[in-house]
Structures are given as C-alpha cells and as structure tokens.
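One structure is given below, encoded as structure tokens.
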Amino acid sequence: MAIDYERDLNPAQAEAVRHAGGPLLVIAGAGSGKTRTIVYRLAHLVSLGADPDSILLLTFTRKASQEMLRRAGLILGHDLPAGSGGTFHSFAYRTLKRHSSRLGRPGGFTIMDRADAADLLAEAKERLKLGKGDKSFPKRATILELVSKARNKEVSLATVLQAESFHLLPYAQDLERMSEYYARLKADHGLYDYDDLLFELEKLLARDEAAREEIRRRYVHLMVDEYQDTNLVQARLVKLMAGERGNVMAVGDDAQSIYAFRGANVTNILRFPQDFPGAAIVRLEQNYRSTQPILDLTNAILAGAAVKFDKHLFTTRENGEKPALVLCHSDASQARLVVDKVRELSRKYLLHEIAVLFRAGYQAFQLEVLLNKAGIRYQKFGGIKFTEAAHIKDVLCYLRLVANATDLPAWQRSLTHIPGVGPKTASGVAQAVITGEAAKLAKYRERFPALAELLVLLDALRRRADPPARTLAALLDYYQPVLVSAYPDDWPRRQQGLEELSALAGQYRDLELFLADVSLETPEDEAAGQEDILVLSTVHSAKGLEWPCVLLIDLVEERFPVRRSLASAEDMEEERRLLYVAATRAKDRLLLYVPEALFIRHQQRHEPARPSPFVLEWAPELVSRWRETYSGGVVPAEPARTEPAPTLALSSPATRPEAGTAAPAEAPAPKKLGRCTHKIFGEGKIVAFIPPDKYRVNFQNFGLKVIVGQYLSME
DNA sequence: CCACCTGCTGTTTTT
DNA sequence: CAGCAGGTGG
C-alpha cells in the first residue's frame with residue numbers, strides 16, 4: 001500500500017510524520033489534523049520496516065484512544081495488533097498483569113471503579129468510627145474526590161483542602177486517617193483503584209530492571225496523544241518507558257487542557273523540551289475542520305483567556321454560516337427547540353453528523369425525554385456508564401468474587417441482596433470468608449439459607465474455572481429472582497442490558513481480563529457509532545471528535561461555567577478552554593443555546609438564568625442572534641434594537657465596552673426607576689441600578705431580584 | 001443489634 | 001432522583 005504523503009499532508013504535518021527518531025513534540029491546534037498526523041506517522045514507521053507490535057499509542061481517554069486505533073486501522077488497511085494502544089490505565093493494567101508474578105500479589109487483583117472505591121471508603125469510615133452523628137462530615141464521594149486529587153497532584157490531602165475546600169479543613173486529620181485506612185484495605189483485599197494502576201506500573205518500572213528492559217525492548221516507538229491531559233505520574237511513565245533512546249512523539253494542545261481537575265498538568269507539555277533534550281518541535285496551525293466564521297468565534301473565545309495562547313487558527317474554508325446564538329425562554333423550551341432543529345437538520349445531514357453537547361450529563365435529561373417521544377434514536381456519551389448501572393454492577397460483583405475471593409466491596413454488594421442481610425452482616429460474612437473462620441461462617445449459613453446457596457455456587461464456579469460466558473450464565477440464573485424483586489418496575493429493560501453483558505463476555509477467555517476491560521474500556525454500546533443515530537455527549541467525552549453540526553446547550557451561568565468554578569479564576573479558565581473544545585468540534589454549523597430560565601427541581605418552578613459570561617464577551621458580528629417567540633418559533637433577534645426605548649436600552653452584551661476600559665461615568669445611562677416587566681416574573685418595580693448592567697427589581701409576585709437590564713422591558 | 005423505611009438535601013467533568 | 005442520616009420495628 002502506497003501512501004501519498006505529499007498529497008495528503010501539509011508541510012508541517014509531513015515534517016512530523018517523517019521525523020526520524022528521538023523526541024518529537026507536536027503542538028496541534030484544534031482540527032489541525034492531529035490524529036491524521038499520528039496515524040500517518042505510524043504508517044510511515046511501518047513502511048520503514050518497524051514492527052507494528054513495537055509501536056505503542058497512548059492517550060488519557062478511552063474515546064480518543066478508540067478513535068485513534070480505528071483510524072490507524074483504516075489507513076493501514078488492517079486492525080492493529082492487540083496491545084498497540086489504549087488508555088494509560090488499560091496499558092498499565094495489561095503490563096501489570098503480565099508481570100503479576102513480580103508484584104507480590106499472588107491472588108491477582110481487581111480494579112475498583114468509583115462506586116467500589118466510595119464503598120471501601122465508607123467501610124474505612126465505619127471501622128474508624130468517624131463522623132458519627134456529624135451531619136456536615138463530608139460525603140464519601142467528596143472524600144474520594146479529595147483523596148484521588150491529592151494522589152494525582154501528588155500533594156498532601158491538607159494541601160488539597162487548603163486550596164479548594166477550606167471549609168473541610170477541620171476534618172483534615174479524620175480524612176487523612178480514612179485515606180490511610182483505605183489504602184490498607186485495598187492492599188489487604190487485592191484491590192486497585194484507577195490511580196493505583198499508574199503508580200504501581202511506575203513502581204514496577206522504576207524498581208524492576210528486567211521488567212523495565214522488557215518494556216523498552218518491546219515498545220520502540222511511543223506516541224502519546226492529548227499530552228496536555230497527562231498528569232505527573234503519566235509523564236514519568238513516558239520517560240521511564242522511552243529510556244535513553246527517547247523515541248517519543250507527544251501530541252497535544254495547551255489550549256485544550258480540560259482535565260486539570262484530576263491533576264492533569266499543562267506544564268508537562270510545556271516542559272517536554274526540557275524533559276526530552278533535543279526534542280524537535282512542530283506546530284500545526286492550519287485548521288481543516290471548521291469554516292472561518294466558526295474559527296472566528298473560537299479564536300475570540302481563546303482571546304479572552306487570562307493566559308494568552310499563542311494560537312490563531314486559520315482555514316481555507318472561507319464560506320459558511322455564522323454560529324447561531326439562540327435565546328430561548330427556558331431549558332424546557334430549549335429541549336423542544338433542539339428537537340425541532342435536529343429534525344430540520346436531519347433533512348440535509350445524517351443523524352450521526354449531528355451532535356448535542358453539554359457541560360454535565362444531567363443537562364440532557366429533558367432532551368432525552370423529548371427525543372424518545374419524537375422517536376429519534378440517540379447515543380449518549382458521558383454521565384452514567386453502562387457498567388455503572390445497578391444491575392450490571394450486581395452481576396459483575398458475583399463475577400469478581402469468582403475471580404478474587406477477597407474482594408470486599410463485591411462481597412458487600414452481593415450479600416446485601418440476600419433477604420435479611422444488611423451492611424453489618426455482609427461485613428461479618430466477608431470477614432469470615434476471607435479469614436477462613438469456619439465456625440462463624442457456619443452460623444451465618446444456618447441463619448441465612450440463601451447465603452449458603454450463594455457460597456456453594458461461588459465455590460463451584462471458582463473450582464470449575466469455566467470461560468467467563470459460562471460462569472456468567474450460571475450467575476445470571478442465580479441472579480434472576482434477585483433482579484425481579486429488586487427492580488420490580490423495570491426489570492425487563494435491565495435484563496436486556498444483562499444479555500448485552502453476556503454477549504460481551506463471550507468474546508473473552510480469561511475472566512480477569514474480561515473484568516478489567518469492562519471497567520477500563522467502555523464496552524461499545526449496541527449502536528457502535530457508524531449507525532445513523534444522533535450523538536449526545538458531554539464536552540469532555542466529545543474531545544477529539546468532530547461533527548458537521550454541533551448544538552451546544554445550556555450556555556448559562558451556573559451550568560456552563562458550572563457554579564463551583566465561578567469562585568476560582570483558575571477553574572474559570574478551564575471552563576473557557578472547555579467551551580473552546582466544544583465550539584471547535586463543529587465543522588459546518590454551530591448553534592449555541594441560551595435559556596433565559598432554568599427549571600429548579602426542588603422548587604418545582606423556573607428561575608431566571610443569566611447568560612454565560614463567555615457569551616457576553618462576543619462581539620455582535622461573531623454570531624447571528626435568534627430568539628424564541630411565544631408561539632414556539634425562532635426569529636432573528638437584532639441586538640439592542642429590539643429594546644423599546646433607545647434611551648433606556650442598555651448596550652447589548654455584545655456591544656458592551658470591555659469591562660474595566662470604560663470609566664464608570666461612561667456606563668450606559670440607567671433606566672428610569674419605575675415599572676417594568678419580565679418574561680418570567682411579570683410586573684415589577686425597578687428600585688436600583690447596579691452598574692454596569694443590572695437592576696434590582698421588586699416583582700409583585702416574586703419579591704426582590706437582581707436582573708440584567710436586557711431582560712426587562714419598560715412600560 | 002440490625003435491616004428497612006422515611007424524609008431531607010443538593011446535583012461536574014474521567015480513568 | 002439518589003445518597004444519606006436518623007428513627008422504628010423486627
């Protein structure tokens with residue numbers, strides 16, 4: 001197979017592809033053909049005689065890794081050898097498993113997902129008798145987040161608390177103790193959390209020369225994508241594996257760093273030339289993805305960053321529609337408008353060429369309901385995963401017990417499904433099983449006949465060591481009545497998921513490997529991408545992907561950026577980069593939705609929302625503006641001119657002078673204090689002007705509120 | 001002593 | 001709507 005490098009690549013891409021050896025850093029702007037460059041380089045190396053088995057492709061996210069391997073397979077004309085690439089975590093698992101005899105963990109090890117880790121922390125809390133009766137003791141999810149962040153950033157728990165949760169500082173000691181106990185529980189029960197995979201691999205490579213040499217011999221060429229998302233230990237792993245030879249190609253974009261929250265460190269990519277002396281550096285700046293109007297907007301988003309990026313993307317795709325900014329009454333009507341728009345677009349585009357993006361998984365709930373009603377098929381990425389669904393976890397826990405009889409969280413979960421058994425009994429039984437206290441166990445078996453049944457089954461399965469699919473089938477028989485009684489309203493739907501799991505298990509011969517893949521690689525959903533199906537995705541999961549049409553919803557304060565980030569300049573910068581990532585996914589059409597009110601669940605009513613501060617930065621010519629009419633249509637909205645009285649009209653957000661450049665005296669003249677109306681709140685009285693653009697309004701039915709002037713009309 | 005029920009709270013992103 | 005704490009009844 002001959003690849004025409006001259007035809008397919010621009011000079012910068014070709015330079016990266018032809019790079020002879022030694023370290024190479026590719027700074028690749030969004031849509032600049034980054035994946036293409038990696039894939040062509042891989043093909044080039046193979047054409048020069050490199051063994052495909054000797055090339056390792058690593059990234060942080062599973063999505064990006066799958067996409068990279070898929071495209072590499074396409075250009076090479078065949079699938080890459082298994083083990084050619086994956087996420088850092090899955091690579092770490094495979095390597096650790098291969099060297100498990102050297103790890104001093106004879107019983108094998110099980111990977112815990114977030115829920116398991118939280119359960120184990122709860123166990124630690126229980127045993128240490130911490131936080132009893134203290135309502136403000138941090139929740140286990142919060143603690144897990146803090147513990148993991150401390151590890152990822154490689155600082156003390158106290159430092160993390162100091163930096164972002166000072167209100168929890170009084171608990172620093174308790175949390176420290178919990179964290180230590182948690183680590184001990186993991187070691188005692190053959191459990192690894194996600195972070196352990198990376199640190200254990202580092203330990204192995206650093207201490208065990210034979211293992212290190214084996215890896216270095218095996219992987220001659222290392223390619224790391226999304227390098228800006230690596231954390232400290234990942235960067236050290238790359239260094240350890242590359243060795244003296246330093247055949248590392250790191251690809252990334254500092255402007256797309258969106259994982260600082262889990263310890264990703266942009267300085268990794270900035271420091272690459274120092275970490276790997278003599279590194280060649282190639283910059284890819286021509287964008288092949290988006291039209292110029294879309295790039296104008298994304299360049300503007302970056303221009304507002306506090307840390308300026310030395311980046312200005314350009315394209316030859318001069319023509320195209322401006323991004324559309326759509327004002328809608330509420331998030332509920334936004335969902336309806338999005339469905340309408342998807343229907344309209346689907347006349348010109350295939351459904352899978354359209355994506356709806358959002359900041360957090362729950363923001364798609366209303367939309368999902370409407371899509372189901374409209375009969376539009378969709379696939380959702382991000383948010384709750386297949387394997388996190390309760391019934392799937394149940395069954396996986398039985399399997400885990402077959403693979404690892406000391407898996408404490410798995411015991412807890414499996415045993416509490418037995419009638420009459422709760423957390424305490426479960427803990428006691430697990431303890432008795434693990435330590436082999438036969439007498440104690442016999443008592444438990446007597447008291448709970450169903451327990452005896454489960455123990456016999458697990459024992460038999462462990463001895464038989466069948467292929468995973470057969471073991472799973474036996475366990476499903478056992479689980480069936482549990483499923484029906486635990487989920488009386490929707491067990492048939494859940495059963496389908498279990499069948500999918502069975503099908504997946506059929507592809508494996510090794511139980512441990514099956515379990516690891518289930519927690520480290522998203523099992524491809526039944527709709528595997530190429531089908532004609534709409535994509536819903538969090539912005540994080542959309543990274544590295546592209547669509548002709550992108551609809552971005554909920555561009556309001558508190559949702560994008562999320563509320564918590566408003567307090568910290570650093571977090572706000574990450575939100576900005578996140579918005580940049582979202583907008584740069586679009587090739588032809590970009591639609592941005594700004595609801596003016598959000599449904600507040602616990603109050604059962606709508607509250608007004610303010611547009612995202614990022615939206616307020618955009619100059620009027622960057623976007624076309626639209627608003628929802630009261631009859632549910634969408635009409636062009638001329639900025640500012642729609643205001644009834646020019647003297648009262650505040651400059652529209654887009655024309656507002658840069659904050660800080662305008663002296664207070666130059667601020668727009670305040671509206672008269674007097675009566676006004678608001679779409680949601682109805683009639684009210686303006687009682688004060690709050691520069692630069694807000695009013696305090698006393699509404700007849702809602703009381704005092706602070707409202708952006710733009711949303712008030714005067715009588 | 002412990003499982004189960006009831007009522008309150010507060011919602012990010014990934015491996 | 002889940003996750004969690006505190007009360008209750010077995």
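Labels below follow one simple rule: chain letters A, B, ... track the order of the sequence lines, proteins then strands, and each chain is numbered from 1.
We find that A:Lys443 and A:Glu446 are not joined by a salt bridge, their nearest charged nitrogen and carboxylate oxygen being 4.0 Å or further apart. Classification of A:Asp254 and A:Arg577 as a salt-bridged pair fails, no side-chain N sitting under 4.0 Å from a carboxylate O. With respect to A:Asp116 and A:Arg400, a salt bridge is recorded, a charged nitrogen being found less than 4.0 Å from a carboxylate O. A:Arg413 and A:Asp119 are not joined by a salt bridge, as no carboxylate oxygen comes within less than 4.0 angstrom of a charged side-chain nitrogen.
Comparing C:dC4, B:dT14, B:dA3 by their closest approach to the side chain of A:Ser541 singles out B:dT14. Taking every side-chain heavy atom of A:Asp195 into account, B:dT15 is the closest of B:dT12, B:dT15, B:dA3. Comparing B:dT12, B:dT14, B:dT15 by their closest approach to the side chain of A:Tyr194 singles out B:dT15. Nearest to the side-chain atoms of A:Lys139 among the listed nucleotides B:dT13, B:dT11, B:dT15 stands B:dT11. Here the side chain of A:Lys424 is nearest to one of B:dT15, B:dC2, B:dT13, namely B:dC2. When the nucleotides B:dT12, B:dT15, B:dT14 are ranked by their closest atom to the side chain of A:Arg62, B:dT15 comes out on top.
More than 12 heavy atoms of other shown residues, nucleotides or ligands fall within 6.0 angstrom of atom CZ in A:Arg98.
Dashed line: the shortest gap from a side-chain N or O of A:Ser148 to OP1 or OP2 of B:dT15 is not under 4.0 Å. Of the side-chain N and O atoms in A:Arg140, one or more sit less than 4.0 angstrom from OP1 or OP2 of C:dC4. Regarding contacts with the backbone of B:dT15, every side-chain N or O of A:Arg262 stays at 4.0 angstrom or more from both OP1 and OP2. Phosphate proximity of B:dA3 to A:Thr425: present, with a side-chain N or O under 4.0 Å from OP1 or OP2. In terms of phosphate contacts, A:Lys125 brings a side-chain nitrogen or oxygen within less than 4.0 Å of OP1 or OP2 of C:dA5.
Using a 4.0 Å heavy-atom distance criterion, A:Arg114 is classed as a base contact. Within 4.0 Å (heavy atoms only), A:Ser90 reaches no atom of the nucleic acid at all. Among the heavy atoms of the strands lying under 4.0 Å from A:Val421 are primed sugar atoms or P, OP1, OP2 only; no base atom is included. Residue A:Tyr259 is classed as a sugar-phosphate contact, given heavy-atom separations below 4.0 Å to backbone atoms only.
Taking atom CD of residue A:Glu126 and atom C1' of nucleotide B:dC1, one finds them 13 Å apart after rounding to whole Å. Rounded to an integer number of Å, the gap from CG of A:Asn231 to P of B:dT14 is 16 Å. We find that CZ of A:Phe448 is positioned 9 Å from C1' of B:dA3, with the value rounded to whole Å.
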